[in-house]
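Each remark here refers to the structure printed beneath this line.
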Amino acid sequence: MVCNPTVAVTVYNPATEEPIAKLPEAGVDEADAAVARARAAFPAWRAVAPADRARLLRRLATLVEEHAEELALLETRNVGKPIADSRGEVGMVADVFHFYSGAVDKHHGETIPVGGGIDLTFREPLGVVGLIVPWNFPLNIASWKLGPALACGNTVVLKPAELTPLTAVLLGELALEAGIPEGVINVVVGPGRVVGQRLAEHPAVAKIGFTGSTEVGRGVMQAAAGTIKRVTLELGGKSANVVFADADLERAAAAAPYAVFGNAGQDCCARSRILVERSAYDRFVSLLVDATAGVRVGDPEDDATEMGPLISAAQRESVSSFVDGNVVFRGEAPDGKGFWFPCTLVEASNEDRVAREEVFGPVAAVIPFEDEPDAIRIANDTPYGLSGSIWTENGARALRVARALETGVLSVNANTSVRVSTPFGGFKQSGFGRELGMQALEGYSEVKNVFVATD
Ligand code: TXE
């Protein structure tokens, strides 16, 4: 880790509001030092034989598995997410490194038939890449960027969010223990507007992989423009959960709360607009209220907990500002210390602020629609386009609507968005570029075309 020993970042447990760690805070000089170290490490890292690079990533995956409980507990204490969720996320981190370990020698160039010679393409690493990560899935999102970046032979500067740096620091230590050379992964803990901004502007950084708010993403894109950096942006969402009257309503209602209240709603994929066909509206809303009342909110370290607190007091204040309309359900939340907010369902129109802006908290807008074209119109009437779900027993309709929705990731009769081997990313103002799957490798490499004259 690179840091300025004179300034400290204090990290809190959002369930107790107690400080849990104090870390030195990096500034511009430390960001520059990290880039210099990554630059120095690049030639040797790109030259590591593919099988050896794969072995190092595999070793990192194994170390994550061996330290799974420690990582999960750290993530739970720092983010407030239920321990069962943290365990699942750490499992995914190990799977991500296993996947990209296997991808190292499967992402390659081709030969293209041309006249007068032979044409070859190579997949070249970019060099030093800056990875800027948010606080909602700190370790997971770091791994989605680190895996493909390292597999392609890049070196990295990883900037976790100020509120949640702990698992990134531990991951950096595990990478060294795995044998990944010094300087290949540099974790820099510091403010986004200082360290993040510097990485986005730095002439020696070739690419920024960013996840965060659309507003900050826009700024990163502008800062990166000065040096024509490559940019991948995974930004906000306002995704629709579209429930047709011909769906299995019990199943759809049982799943819907977890599609928006998971991670206390602090999820860019949250299906926070629940669109319901008018003819099934009353029945579905009644089932939804019952299912939402069943979400277990409480101590994140309890195995049975399904929803913990929000990340901060500021986040709670921001989420509260969305609840001023027609509340159809408001659940329970613990009293006392911790940034708690109850599961809340609000009846809304798609024009209301709660349906237009990303709440990033456990508040869902329930919106009726008349028929299939109306559902598509409302679902697409948003500047975002990240994820979404379609619930119907009609297979043709499922595919027809899936093709019509302007969004990067969709589930039919399910509410999951993210899998290690499948591409993840947004349309419209939810960003561009894809993470996960083989597609992520495209964003961390350049195609070089070489023509060899043979005539
Ligand atoms: O995100 P930011 P914040 C949304 C969500 C949330 C809001 C604010 O609506 O309420 O954003 O959260 C770094 N140059 N999402 O403030 O600010 C920052 O340090 C470069 C959506 O945490 O976008 C952190 O590491 N980097 C979301 C990262 O950017 C900068 C995830 C994200 O922070 C920077 C999180 C700058 N000028 C929040 N300023 C999602 N889509 O998953 C900040 N950063």
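None of the values given here were measured: they were computed from a predicted structure. All ligand and atom numbering here is 1-based and tracks the order in the structure. For the single chain, residues carry numbers from 1 onward in sequence order.
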Can you find a non-hydrogen atom of Glu215 under 4.0 Å from ligand 1? no
Yes or no: does Gly219 have any heavy atom under 4.0 Å from an atom of ligand 1? no
Could you tell me whether Pro191 and ligand 1 have an N or O pair separated by under 3.5 Å?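 No.
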Check this for me - ligand 1, Leu235, N or O atoms closer than 3.5 angstrom, yes or no? yes
[X] contact mode with ligand 1 (heavy-atom cut-off under 4.0 Å):
X: Gln266; value: neither
X: Phe137; value: neither
X: Leu163; value: neither

State whether a side-chain donor-acceptor pair under 3.5 Å links [X] with [Y].
X: His67; Y: Glu173; result: no
X: Glu347; Y: Tyr281; result: yes
X: Glu75; Y: Thr167; result: yes
X: Lys145; Y: Thr211; result: yes

Considering all heavy atoms, the nearest Cys269-Ser417 contact: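 Answer, listing the atom of Cys269 first, then Ser417: CB-OG, 3.4 Å.
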Under the rule for side-chain hydrogen bond (donor to acceptor under 3.5 Å, both in side chains), what residues qualify as partners of Tyr12, not counting sequence neighbours?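 Residues passing side-chain hydrogen bond (donor to acceptor under 3.5 Å, both in side chains) with Tyr12: none at all.
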Can you tell whether the side chains of [X] and [Y] come within less than 4.0 Å, N to carboxylate O?
X: Lys337; Y: Glu18; result: no
X: Arg353; Y: Asp324; result: no
X: Arg123; Y: Glu446; result: no
X: Lys238; Y: Glu358; result: no

Starting from [atom], what is the nearest protein heavy atom, named by residue and atom, and what distance separates them?
atom: atom 40 (C) of ligand 1; answer: Cys268 CB, 3.3 Å
atom: atom 12 (O) of ligand 1; answer: Trp135 NE1, 3.4 Å
atom: atom 7 (C) of ligand 1; answer: Ser213 CB, 3.9 Å
atom: atom 9 (O) of ligand 1; answer: Glu358 OE1, 3.1 Å
atom: atom 25 (O) of ligand 1; answer: Val133 O, 2.7 Å
atom: atom 6 (C) of ligand 1; answer: Phe360 CD2, 3.6 Å
atom: atom 37 (N) of ligand 1; answer: Gln197 OE1, 3.1 Å
atom: atom 44 (N) of ligand 1; answer: Gly192 CA, 3.4 Å

Enumerate the atoms of ligand 1 whose separation from the nearest heavy atom of [X] is less than 4.0 angstrom.
X: Gln315; answer: 10 (O)
X: Glu162; answer: 18 (C), 19 (O)
X: Pro134; answer: 31 (C), 35 (C)
X: Ala161; answer: 25 (O)
X: Phe210; answer: 23 (O), 28 (C), 29 (O)
X: Ile132; answer: 13 (C), 20 (C), 25 (O), 26 (N), 28 (C), 29 (O)
X: Gly236; answer: 41 (N)

Looking at side-chain heavy atoms only, is the closest gap between Leu441 and Tyr100 below 4.5 Å?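 Yes, their side chains come closer than 4.5 Å.
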Show your working on ring pair (Phe, Tyr, Trp, His ring centres under 6.0 Å) between Phe369 and Phe244 and close with a plain yes or no. CA-CA 9 Å; Phe369 67 83; Phe244 287 97; 5.3 Å; yes
Given the protein's heavy atoms, is any one of them under 4.0 Å from atom 2 (P) of ligand 1?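 Protein heavy atoms within 4.0 Å of atom 2 (P) of ligand 1 - there is at least one.
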Please say whether the positively charged group of Arg434, taken as NZ for Lys or CZ for Arg, lies over the ring of Phe424, i.e. under 6.0 angstrom from the six-membered ring centre and within 45 degrees of the axis. no
For residues 84-101, which residue pairs pass the salt bridge (Lys or Arg N to Asp or Glu O under 4.0 Å) check, not counting sequence neighbours?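 Listed once each, the pairs are Glu69-Arg87, Lys81-Glu89, Arg87-Asp303.
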